[in-house]
Amino acid sequence: MMCLLLISLAAGECHPIAGMTICPARSIPGFFEGAALHKYPAYDSPYMDVTNQVVAGVLAEIGDLLEVHGENPFKVRAYARAAETVRHLGRPVAGMDDDDFEALPGIGKVIAGNIAEIVETGTCQEQVRLREATPPGLPALLNLRGVGPKTVHRFWKELGVTGIDDLETAARAHRIRGLRGFGEKKEDEILRAVAAARKVSTRMSMTEAERLAERVLLVIPGEAWVAGSLRRGRSTIGDIDVVTLAPAAETALALEGIADEVIDAGEKKISVRIDEIRIDVRFSTSGDLGAMLLYLTGSKGFNIRLREVARSGGMRLNEYGLTDQTTGELRSFGTEDEVFTALGMVLVPPELREDRGEVDLALAGHLPRVVEAQEIRGDLHLHSEWSDGSMSLDEIALVGESRGYEYILVSDHSASLGIAHGLDADRLACQHQAIREVNRTLGSGCTLLAGVEVDILADGRLALPDRVLQDCDLVVASVHSGFGQAEDVMTRRVITAIEKEHVDIIGHPTGRVISRRPPVALDMGRVIGAAAENGKALEINASPGRFDLDDIYIKQAQERGVKLAIGTDAHAPSDLDHIRHGVTLARRGWCGAGDILNTMSLVDLMEWRG
DNA sequence: GCCGTTTTCGGCCCGACTGTTTTCAGTCG
């Protein structure tokens, strides 16, 4: 199979999708797990904890409602920013003093008051007032492509449109083109946007996005780099951004050949749609590449922060470079590193560019060093042919050696999970004997660790007895059944497992399977707290179908000193490649090498187990 | 609504592109 090596030479760093393989792309409707969920988490039970997610949801909704009322865009942005701040906060707002809210960036007296109210009651007067003043279907119109707040406001006030059905009716009756500034094309565009919105979400997994990106890179007649959320390593991707040095006209021609639709095409960029996914390609030159990559990679919030930094230094930052506001002189940069240096910052790795405090730390030169792929010494979750995997023990040891690993944890399922041919105590003992034999005779540089992925039963007990678990090199414990338990029951169940003496790692903690199964109801704050108290690790499951934990929780765990164990959950040799996704997730969670169990030497790892 | 070494009011990131326009508003990333 042919491989593309995407090296971000300009940034002097390896691209997160380096080494990805070429596969035929396919349409992936409805991938995003949130597609079926409400946009704003509802506070609908007096027994439910008011989580940061709920508070963030209320603030975000207020922002959207203000927007359709035509409010000051900066006020709208203030609510949106505050929502993001709360969403990514490392500690629960419910446990904070009201004064603490105001100390948070972008949160002043008014929003602090709102947060206090939401923590107390689940809502706030501002949300109630706005909801009463707004047709409930109106904010959803903001999600239609090509439709922004001004347009929604005009549809509502001038056409009486209160929701997506109304809008479609109005468009079909040609009432849209009657509005000043609207014409036939705009009306057609609205109908297409309505049709697109009615389909399931078109966010896709990181791996699907990589395949689509490869298709695009293959046809571009010149050097090209992936930027945007794919380069930042987000678990789900909404669109694909590419920067290229190839000639604009030839690139446009090549893209039109594989695109379903050309959204717009100009001298500086071309946007197309393939399999419902938007692809934006920006044309650049080698001398400008640094600022262009930086601009197209950053999240919106990160870019805004960076431009604020530039302004405070008397400069203006755009995708072409830095302009001195006094002299008007434009400085260009070939690499991202040079732009950061000119702004007085250290380079911020792409995975961190989310406006979560990294800009201030980079300005102070105190940005934490995040883990690198080459620091990983082994894989801590893998299945052999002894349960539901395809690999023999010999094969695992050889694959591990070929990857330069020092160790691999063989963690087959325990017997309670019948469908996975789980091992009972006797068969596990046989397997562990076979593992020791392989280690002794094969001569592989990669040591196999004799472990197990033991089921956490409905009441928190484990599916294998202590005497069996204590003989294991490492024990992963995971929930594989009873996913529908109430939050408190599930939380107690997982914490009970964490407190078991011989459990070392909690596997795929939230149990989500992207697009197929939502995360279990789990109070992750309590789980992280229990892991910290008991010195246990939480898994970063690197399987693309799981990506569990989410980066928010990885960062929370890291902040509380909990070790993270990256496991591919591999069932076949090629699955071991997924370790790079685990590293990306760890980096997005601000983990350094010291936070990751798999960076330890074998000796240190066994010492950690105790 | 937030913020401040330009500090209690005035500014808030910046540019590409489209459609409907005769010079720009709106949307998007």
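Lettering follows sequence order; numbering is per chain, from 1. Values below: every heavy atom of this structure, side chains too, minus hydrogens, waters and symmetry copies.
- Taking atom C1' in both B:dG29 and B:dC13, one finds a spacing of 12 Å when rounded to whole Å.
- Once rounded to the nearest 0.5 Å, the distance linking CD of A:Glu71 with CG of A:Leu130 reads 8.5 Å.
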Please write out each protein N/O paired with an N/O of nucleotides 22-24 of chain B under 3.5 Å, distance rounded to 0.1 Å.
none

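- On the C1' atoms, B:dT18 is 15 Å away from B:dT23, given to the nearest whole Å.
- If you check every strand for non-hydrogen atoms under 4.0 Å, A:Val76 touches nothing.
- For B:dC17 and B:dG10, the C1' atoms lie 30 Å apart once the distance is rounded to whole Å.
- Legend: residues meeting side chain to side chain contact (heavy atoms under 4.5 Å, CB included) with A:Arg154, ordered by chain and number and at least two apart, are A:Glu158, A:Leu179, A:Arg180, A:Phe182.
- Between A:Glu168 and A:Arg198, at least one side-chain nitrogen of the basic residue sits less than 4.0 Å from a carboxylate oxygen of the acidic one, meeting the salt-bridge criterion.
- Look at CZ on A:Arg145: it is 10 Å from P on B:dG29, rounded to the nearest Å.
- When rounded to the nearest whole Å, the span between CZ of A:Arg305 and P of B:dC12 equals 15 Å.
- Looking at which nucleotide of DNA chain B each of A:Pro105 and A:Leu142 is closest to, the 5′-most match is held by A:Pro105.
- Spacing between B:dA16 and B:dT7 at atom C1', rounded to whole Å, works out to 35 Å.
- Side chain A:Asp239 to base B:dG29: no donor-acceptor pair is found below 3.5 Å.
- Each of A:Lys75 and A:Ser312 has a nearest nucleotide on DNA chain B; the 5'-most of these lies closest to A:Lys75.
- Counting any heavy atom pair closer than 4.0 Å across all strands shown, A:Pro73 reaches no nucleic acid atom.
- For A:Arg175, there are no side chain to side chain donor-acceptor pair (under 3.5 Å) partners, not counting sequence neighbours.
- Taking atom C1' in both B:dT8 and B:dC12, the straight-line distance is 16 Å, to the nearest Å.
- Residues satisfying the salt bridge (Lys or Arg N to Asp or Glu O under 4.0 Å) criterion with A:Arg145, sequence neighbours excluded, are absent altogether.
- B:dT21 sits 10 Å from B:dA25 when the C1' atoms are compared, rounded to a whole Å.
- Here B:dG29 presents its C1' atom at 16 Å from CG of A:Leu230, a figure rounded to the nearest Å.
- Per the geometry, CG belonging to A:Asp355 stands 16 Å off C1' belonging to B:dG29, to the nearest Å.
- Using a 4.0 Å heavy-atom cutoff across all strands shown, A:Arg278 reaches sugar-phosphate atoms only and no base atom.
- Of the candidates B:dG1, B:dC28, B:dT27, B:dT27 carries the atom nearest the A:Lys150 side chain, counting heavy atoms from C-beta on.
- Applying the salt bridge (Lys or Arg N to Asp or Glu O under 4.0 Å) criterion to A:Arg307, with sequence neighbours excluded, gives no partner residue.
- Within the nucleic acid shown, A:Leu144 comes within 4.0 Å of sugar-phosphate atoms alone, with no base atom in reach, counting heavy atoms only.
- Rounding to whole angstrom units, CZ of residue A:Arg81 and P of B:dC2 are separated by 11 Å.
- For A:Asp551 and A:Arg234, the salt-bridge test fails: no basic side-chain N is under 4.0 Å from an acidic carboxylate O.
- Atom CG in A:Asp188 sits about 14 Å away from atom C1' in B:dT20, given to the nearest Å.
- Across all strands, A:Leu66 comes closer than 4.0 Å to no nucleic acid atom at all (heavy-atom distances).
- At the heavy-atom level, A:Asp241 lies under 4.0 Å from the strands shown only through sugar-phosphate atoms.
- Atoms CE (A:Met292) and P (B:dG29) sit 16 Å apart, rounded to a whole Å.
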Assign a letter to each nucleotide of nucleotides 14-19 of chain B from its 5' end: B, base within under 4.0 Å of a protein heavy atom; S, sugar-phosphate only; -, no contact.
BSSSSS

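- In this structure, A:Arg154 does not reach the B:dG26 phosphate: none of its side-chain N or O atoms is under 4.0 Å from OP1 or OP2.
- Once rounded to the nearest 0.5 Å, the distance linking CZ of A:Arg331 with CG of A:Leu322 reads 6.5 Å.
- Residue pairs meeting the side chain to side chain donor-acceptor pair (under 3.5 Å) criterion with at least one partner in residues 99-111 of chain A, sequence neighbours excluded, are absent.
- For the side chain to side chain donor-acceptor pair (under 3.5 Å) test, no residue two or more places apart in sequence or in another chain qualifies with A:Asn72.
- Nucleotide B:dT8 forms a pair with no other nucleotide shown, judged by Watson-Crick or G-U wobble geometry with both contacts under 3.5 Å.
- Looking at A:Ser229, its side chain never comes within 3.5 Å of a backbone N or O of A:Arg232 through a donor-acceptor pair.
- Counting any heavy atom pair closer than 4.0 Å across all strands shown, A:Ile304 reaches a base atom.
- Rounded to a whole angstrom, the distance from the P atom of B:dT20 to that of B:dT27 is 14 Å.
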Please set out all donor-acceptor pairs under 3.5 angstrom arising from side-chain atoms of residues 241-260 of chain A, sequence neighbours excluded.
residue  : atom : partner  : partner atom : Å
A:Thr244 : OG1  : A:Glu223 : O            : 2.7
A:Thr244 : OG1  : A:Ala246 : N            : 3.0
A:Thr251 : OG1  : A:Pro247 : O            : 2.7
A:Asp260 : OD2  : A:Asp275 : N            : 2.7

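- Protein atom CG of A:Leu141 is 15 Å distant from nucleotide atom C1' of B:dT27, rounded to whole Å.
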